[in-house]
Each structure stands twice: as C-alpha cells, then as structure tokens.
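Quantities reported herein were computed from a predicted structural model and do not represent experimental measurements. Residue numbers count from 1 along this sequence. Atom set for the values below is all heavy atoms of this structure, side chains included, hydrogens, waters and symmetry mates excluded.
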Amino acid sequence: MASPPPSSSIAKGGDGIITTLHPDIIRALILTRLDGPDLASTACVSSYLRSLSTEENLWRDICCSTWPSLDHPRLKQVISTFPYGHRSFFSESFPFPNPQPPKPNVRGSLALATELISAVDIYYHGNPIYSKVVEMETSSSWFLSTPFRLNLLGVDNPAPRSPIKYGSSNDDTWLKHLEENLSSSWIIVDPTREKAVNMSSKRAVSVERHWLTGDVQVRYGRVMEGDEGWGSSRELVACGVVVTCGEKGGEGEKMHVREVCMRMEDMDGKGLSGEESLVILERAMGSGRSWKGKGKGEKEKYEEFMAKKRERKERNSKKDRVWDLICIFSIFAACGAFWWFVLPILHSLLMKFV
C-alpha cells in the first residue's frame, strides 16, 4: 500500500505531488475538461495549478463554448483589452451581478457609456440555436431621450437555426418544457471601461402565450435596485429579456425564435429612457458579483417585483378615487354655495334696478 503524502506537501497546497505530472498532461486531461467555475477554483489550490489554470487559451475556449456569440471580430478585439483577457471577461459575465443600493446623486457622479455591445445567445436543451452581436451608439440625444428597447429579430426574420419541436399536446406541459429547456444570455459590454454584465437570468422567470397572436413569450431578466429611494416608481427596476417563439407557416408542430428584445421598466410599468437605463447598466457593471447565486432566485425576485407592482397600482388607484371624491365634493360644495349665497345677492341686485 502506498504511503500517504508527507504533511509538508499538503501544507504547501499539494505542489510536491502535482508537479510530478507533466504540465501537458494536466492541461489536456484535467484542465480542458473543467468549466469556468471549476477552473477558477482549481487556480486557488496551489501556485503551480494557478500558473496553469490562468492561461489565456483555456479561458478563451471556455468563453467561446459558453457564449458562441463571442466568436465575433469586434468582441475578440474588445476582450483582448480586458486586464486578463477572457478570464476577466468570464469573471464579469458569468456570475450574478449584485448591485448595491444607489448613492445620492448617482447620475451626476456617473459618466455614461457612449457605446455598448450586446452579445446574445439562445439555447435549447443546452445547445445554441441563435447568436447575435449588436453594436449600439448611446450618446445621441435620440437614444438618451427615447424608451430603452433593443430588438434583435422581427416576425419576418426568424432565427434560422431554431426549430423547436412540440413535446406535448398539453399546452401547460409545453410551456413548462420551454421554461426548463429554453435559456438565454444577454451580455452588455462597455468597450471603453472594459466592463461587462449578463442581464439575462439563467432560467426563465415567466412563460405565457400572447393573448392575441398565440406566440409563446419566455421572459428572462433581473430585478435590481433603482436609482431613486423607497416609495418611488424606480425603487426597483426590472430588466426584461423576452424571447418570442411562434410557428412558421406550414411547419406544423415546430416553433422558431421570432423575436428577442430587451427593455427596462419601473414599478409603474413605464419603460425607462435610454439615459435612465444607462445609469442602471453602469451600476450593474460596477457592482460586485455573486458566484454561488446566494439568496433569492431571479424568478422569486421577479414574482416579488410583480406583486409590489400590483400593490403600488392598487394604492395609486385608491389615491385617485379619493381625489375624485374630493373633486366631486368640491364641485357640489361650489354649486351649493352658488345657489345659497350668490343667487340671493344677484336677485336682490336685480330687484333694485327693476
């Protein structure tokens, strides 16, 4: 029986044992089989493994296999400017953003991005069915003042690689199937600041059919602290990524991704402008990250957001009804005052001249 390794080797992180393996064997048979989080954990084991686990080609392969949209000339050039290349990009884009509560006068302290790049990937059963890269100029007055909404597809231009076969004739079962097996990633990249953030949740937060067209709308996204205080319409902000799936003429029981869009809304359901959305995105990019996804899931956060949104709507409706009653009472009071006080005075004045 082999004797256990000496305690000194273990205390040094196992370098005395692992260094007996050729680096090429470690790379080819161990490191290339790991995903991003496992590779990052491996780099923490020892200095020797860290030197092997931080090689650029490993992280480039992981990033490109995780997000096929990164195989784009502009994104390759942008990622090469990040401090540690693809490793930095992965650490920015993979974990959950964990924005902190906004500071006072946050808008005045932020220099907003003048350009953003969207890297979008849609997956079915874990396999990519659609990838797209879109560059956006964000400094124009038109972008800053109009509602923030990004559309990547139209109903006449469905994703070419996205046939999704019906798995059940039961509609509820089918919607549940899409919720569990259709996933998305929407990474926003700021090439100037060398920052990135994934604004799409890993799992869908809601799945429903459109009441008019019958298309299936799968919603992803994140709920974040807004840039205004408690009780305001932007106490919380929802960034929604909606993937619309519909039948393509004559294909029977098959669906295609027909539209992918992103928008931000406040607790009144009002869409944020381009400038307001840039503030939220900049805060998300500059926030911390949560690798383990601790706390509430995105679906639970979204359901809480919708519940608060309904409560706010009910409160506003009650306030409106109270103001309506006050206005009605004021009108009746004014009419009563007119009949009881003004008319007698007018009558007496008319009698003097008659």
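- A salt bridge between E298 and R222 is present, with a side-chain N of the basic residue lying under 4.0 Å from a carboxylate O of the acidic one.
- Transitive grouping of hydrophobic side chains (ILVMFWY, heavy atoms separated by less than 4.5 Å) keeps L34 and Y84 in distinct clusters.
- Residues C261 and R149 are in side-chain contact: their nearest non-hydrogen atoms beyond the backbone lie under 4.5 Å apart.
- A salt bridge is absent between D324 and R321: the closest approach of a Lys/Arg side-chain nitrogen to an acidic carboxylate oxygen does not fall below 4.0 angstrom.
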With side chain to side chain contact (heavy atoms under 4.5 Å, CB included) as the criterion, how do L175 and V216 come out once you've worked through the C-alpha distance, each side chain's angles and the decisive distance to 0.1 Å? CA-CA 8 Å; L175 296 181; V216 177; 3.8 Å; yes
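- Tested against C245, the residues V207, I122, D215, L182 include a single side chain to side chain contact (heavy atoms under 4.5 Å, CB included) partner, L182.
- Nearest approach of E194 to P83, heavy atoms of both residues: OE1-CD, 3.8 Å.
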Could you walk me through whether L281 and M264 pass the side chain to side chain contact (heavy atoms under 4.5 Å, CB included) test, one step at a time? CA-CA 10 Å; L281 288 173; M264 292 194 186; 3.5 Å; yes
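- Residues E303 and M306 are not in side-chain contact: their nearest non-hydrogen atoms beyond the backbone lie 4.5 Å or more apart.
- In this structure the side chain of T138 never reaches within 4.5 angstrom of the side chain of E275, judged on heavy atoms.
- Separation of atoms CG (L325) and CH2 (W323) is listed at 12.0 Å; rounding is to 0.5 Å.
- Within the model, atoms OH of Y48 and OG of S53 stand 10.5 Å from one another, a figure rounded to the nearest 0.5 Å.
- The hydrophobic clustering, which links ILVMFWY residues whose side-chain heavy atoms are closer than 4.5 Å, places F148 and V242 apart.
- Side-chain contact between W67 and F94 is present, with heavy atoms from C-beta onward closer than 4.5 Å.
- Residue K309 places its NZ atom among more than 12 non-hydrogen atoms of other residues, nucleotides or ligands, all under 6.0 Å distant.
- The backbone N or O of R74 sits less than 3.5 Å from a side-chain atom of H72, completing a donor-acceptor pair.
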Give the intermediate values and the outcome of salt bridge (charged side-chain N to carboxylate O under 4.0 Å, His left out) for residues R312 and E235. CA-CA 11 Å; R312 181 178 174 83; E235 175 188 349; over 6 Å; no
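- Side-chain atoms of H256 never come within 3.5 Å of backbone atoms of R258 as a donor-acceptor pair (strictly under, hydrogens ignored).
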I'd like to know whether W186 forms a side chain to side chain contact (heavy atoms under 4.5 Å, CB included) with L150, so could you lay out the CA-CA distance, the side-chain angles of the two residues, the decisive distance to 0.1 Å, and finally the verdict. CA-CA 11 Å; W186 192 312; L150 304 177; 3.9 Å; yes
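- Of all heavy-atom pairs between C239 and M224, the closest is CB-CE, 4.2 Å.
- Taking 4.5 Å as the limit, some side-chain heavy atom of S118 sits within range of a side-chain heavy atom of M136.
- Both M262 and L112 belong to a common hydrophobic cluster when Ile, Leu, Val, Met, Phe, Trp and Tyr are linked at side-chain heavy-atom distances under 4.5 angstrom.
- With rounding to the nearest 0.5 Å, the separation of CG in L31 from CG in D24 is 11.0 Å.
- The distance from atom CZ of F89 to atom OG1 of T81, rounded to the nearest 0.5 Å, is 11.0 Å.
- Grouping the Ile, Leu, Val, Met, Phe, Trp and Tyr side chains by contacts below 4.5 angstrom, directly or via other members, places V279 with W142.
- Under a 3.5 Å cut-off, the side chain of S201 and the backbone N or O of G221 do form a donor-acceptor pair.
- For E137 (side chain) and S139 (main-chain N/O), a donor-acceptor pair under 3.5 Å exists by modelled atom type.
- Here the CZ-CZ distance, from F305 to R310, works out to 11.0 Å after rounding to the nearest 0.5 Å.
- Placement of V241 and V134 within a single hydrophobic cluster is found when ILVMFWY residues are connected by side-chain heavy-atom separations under 4.5 Å, directly or transitively.
- Nearest approach of V260 to V257, heavy atoms of both residues: CG2-CG1, 3.7 Å.
- In this structure, D266 contributes its side chain and V237 its backbone to no donor-acceptor pair below 3.5 Å.
- Residues F90 and G36 come closest through the heavy atom pair CZ-CA, 3.4 Å.
- Contact check for L49 versus I26: side-chain heavy atoms found under the 4.5 Å cut-off.
- Annotation: side chain of D121 is not in contact with side chain of P128 (no heavy-atom distance under 4.5 Å).
- Here the OG1 atom belonging to T42 is positioned 8.5 Å from the CD1 atom belonging to I30, to the nearest 0.5 angstrom.
- The pair R234-E276 meets the salt-bridge criterion, with a side-chain N (NZ, NE, NH1 or NH2) lying under 4.0 Å from an Asp/Glu carboxylate O.
- Contact annotation: the side chain of F82 never approaches that of R87 to less than 4.5 Å [non-hydrogen atoms, C-beta and beyond].
- The two residues L58 and L52 have their closest heavy-atom pair at CD1-O, 3.3 Å.
- The two residues A113 and D190 come nearest to each other via the heavy atoms CB-OD2, 3.5 Å.
- Between E265 and R219 there is no salt bridge, since no side-chain N of the basic residue sits under 4.0 Å from a carboxylate O of the acidic one.
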